[in-house]
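Notes for the one structure printed next.
Numbers for residues simply follow the sequence, beginning at 1.
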Amino acid sequence: MALTGRTALLAALGSLPVGILAPSWTGMLAVNAPLSLAILCDYALAAPVRSLRFTRSGDTSVRLGDTAQVQLTVTNPSGRRLRAHLRDAWPPSSWSSEAEQTASHHRFTVPAGERVRLTTFLRPARRGVRLPDRVTVRSFGPLGLAARQGRHDVPWAVRVLPPFTSRKHLPSRLARLRELDGRTSVLTRGEGTEFDSLRAYVPGDDTRSIDWRATARQSAVAVRTWRPERDRHILIVLDTGRTSAGRVGDVPRLDAAMDAALLLTALAVRAGDRVNLLAYDRRVRAQVRGGAAGGDVLSSVVNAMAPLEPELVETDARGLSTTAMAHAPQRSLIVLLTSLDAAPVEEGLLPVLPQLTRRHTVLVASVADPHVETMARSRGSVDAVYEAAAGTQTQEQRRRTADQLRRHGVTVVDATPNSLAPALADAYLALKAAGRL
């Protein structure tokens, strides 16, 4: 039996003097017969908790930063009215702030034989899968003096997906893609692209694109137009090792890399290319294979990324290279989202690069810390000068590392979290325009 605060107040105000001196509430109530009888009657009239039935419905997935709604239906099969307080417990990361956790507490009344639907609003602060804990119910009697309490397990799962904030850049990149594909008046030609059609020669056209046979059949000089090749293979590799755990601003490097990977996936799918995903450190953490068509690829990639977390281990570069080769048996564009720190690149990535560049086009994208640039501009005090020296040294190390990669034929994208996604998309379009895919 659970006694309420109202019971305690009545016992303190209405008990006999001898009851006030009792060593416990049990003793106090023993000498206050009317109150004891009222409590027992109230407890007896409270609806039973064990017989309550619960079912869930609502959202099973939500993007990080958005709100999910999970409904809990409570059915009261007993013959007594249910007056209850309920706590639908979820992990603390299911809300962005402590104040939002009050959304899991509900007060309600259910007549005998009826049911009520309660809604809990979740606003997760982290990616992954959120599972509820037990549902705790306290059923009060009509006087509110005593209550029955019990717990129930009501399973459900809400998958928290990456936010994909870079999707705002997709329309402008799709416009550029349409230009490359010859769908607008601007037509870009690249080596190794697919023949599209013929048009009249205009000054400035590459003379190598002149179609002499077509020119011989008409009075004007004709040139071939080209469109980027379709059905290319793209493998996006997420490095989930220790360097991906570092926070840049408010987010881990891994989350910024995911956002860039999602924009690239959406763009490449619209371009007609096949996209695969691989997350790796010392073993495969997630993968998407097969090149399904349309939105299925983007959906699969988003769901595969949802539970990913950085692993505090050094990435096995040789294992990463071997696994990437196994996932890309044909000539592909391999996009490696990793760190440009000197030691991991020089000791891990550079020795295995020849295996990748021999058969594939390789693009390395890395998240740069904007605070380093701020440090490099610091002036005005001794501490600021030291900060400037440290920031400049870090920038120079990243430039040297990027130059080493470029000497091996690798395209390098080094940008801040807000700029990485559009920069990577632009690099992909540039490679496509140049016919290097």
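- Put simply, the side chain of F54 does not reach to within 4.5 Å of the side chain of T73, judged on heavy atoms.
- Across all non-hydrogen atoms, the minimal contact from P162 to R63 is O-NH1, 3.0 Å.
- When side chains are defined from C-beta on, M325 counts as touching H360, because their heavy atoms get closer than 4.5 Å.
- Here the closest heavy-atom approach between residue F121 and residue W95 is recorded as O-NE1, 2.9 Å.
- Looking at H106 and T120, their side chains do bring a donor and an acceptor atom within 3.5 Å of each other.
- The shortest heavy-atom contact between L64 and P124 is CD1-O, 3.4 Å.
- Side chains of M305 and L161 form no contact here, defined as non-hydrogen atoms less than 4.5 Å apart.
- Checked for salt-bridge contact, D403 and R400 miss the test: no charged N lies under 4.0 Å from a carboxylate O.
- Of all heavy-atom pairs spanning T109 and P111, the tightest one is O-CD, 4.1 Å.
- Put simply, CZ on R138 and CZ on R151 are 11.0 Å apart, with the number rounded to the nearest 0.5 Å.
- Within the 4.5 Å cutoff, the side chain of Y428 has heavy atoms near those of the I234 side chain.
- Among all heavy-atom pairs drawn from P48 and R80, the shortest one is CD-NH1, 4.0 Å.
- Using modelled atom types, no side-chain atom of T322 and backbone atom of G319 make a donor-acceptor pair closer than 3.5 Å.
- Taking every heavy atom of both residues into account, L356 and A324 meet most closely at CD2-CB, 4.4 Å.
- Within 6.0 Å of atom CZ in R107, 12 or fewer heavy atoms from other residues, nucleotides or ligands are found, so the atom counts as exposed in its surroundings.
- The 12-atom threshold is exceeded at CD of Q397, counting heavy atoms of other residues, nucleotides or ligands nearer than 6.0 Å.
- Between D59 and V158 the shortest side-chain heavy-atom distance does not fall below 4.5 Å.
- To the nearest 0.5 Å, the span separating CZ on R115 from CZ on F108 amounts to 14.0 Å.
- With no hydrogens or angles considered, no side-chain donor-acceptor pair links S244 and D239 at under 3.5 Å.
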Exercise for review: Apply side-chain contact (heavy atoms from CB on, under 4.5 Å) to V137 and V74, showing your working.
Suggested key: CA-CA 10 Å; V137 181; V74 185; over 6 Å; no

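- Between V302 and F164 there is no side-chain heavy-atom pair separated by less than 4.5 Å.
- Side-chain contact between R127 and L308 is present, with at least one heavy-atom pair separated by less than 4.5 Å.
- A donor and an acceptor atom, one from each side chain of R331 and T361, are located under 3.5 Å apart.
- Every side-chain contact (heavy atoms from CB on, under 4.5 Å) that T323 has, sequence neighbours left out, goes to L278, Y280, V284, H327.
- Rounding to the nearest 0.5 Å places CZ of R283 at 3.5 Å from CZ of R285.
- Judged as a side-chain contact (heavy atoms from CB on, under 4.5 Å), and not counting sequence neighbours, the contacts of P370 are V248, T416, P417.
- Around the CZ atom of R126, the shell of radius 6.0 Å holds no more than 12 heavy atoms that belong to other residues, nucleotides or ligands.
- One finds the OG1 atom of T401 at 11.5 Å from the CZ atom of R399 (value rounded to the nearest 0.5 Å).
- The 12-atom threshold is exceeded at CD of Q71, counting heavy atoms of other residues, nucleotides or ligands nearer than 6.0 Å.
- Classification of R282 and E311 as a salt-bridged pair fails, no side-chain N sitting under 4.0 Å from a carboxylate O.
- For the pair T338 and P344, the minimum side-chain heavy-atom distance is 4.5 Å or more.
- Evaluation of the side-chain contact (heavy atoms from CB on, under 4.5 Å) rule for V251 yields D255 as partners, not counting sequence neighbours.
- Atom NE2 of H105 sits about 11.5 Å away from atom NE2 of H85, to the nearest 0.5 Å.
- Once rounded to the nearest 0.5 Å, the distance linking CZ of R289 with CG of L235 reads 9.0 Å.
- Around atom CZ of R247, more than 12 heavy atoms belonging to other residues, nucleotides or ligands sit under 6.0 Å away.
- There is a side-chain donor-acceptor pair under 3.5 Å between S366 and R398.
- Under a 4.0 Å N-O distance rule, the pair R56/D88 qualifies as a salt bridge.
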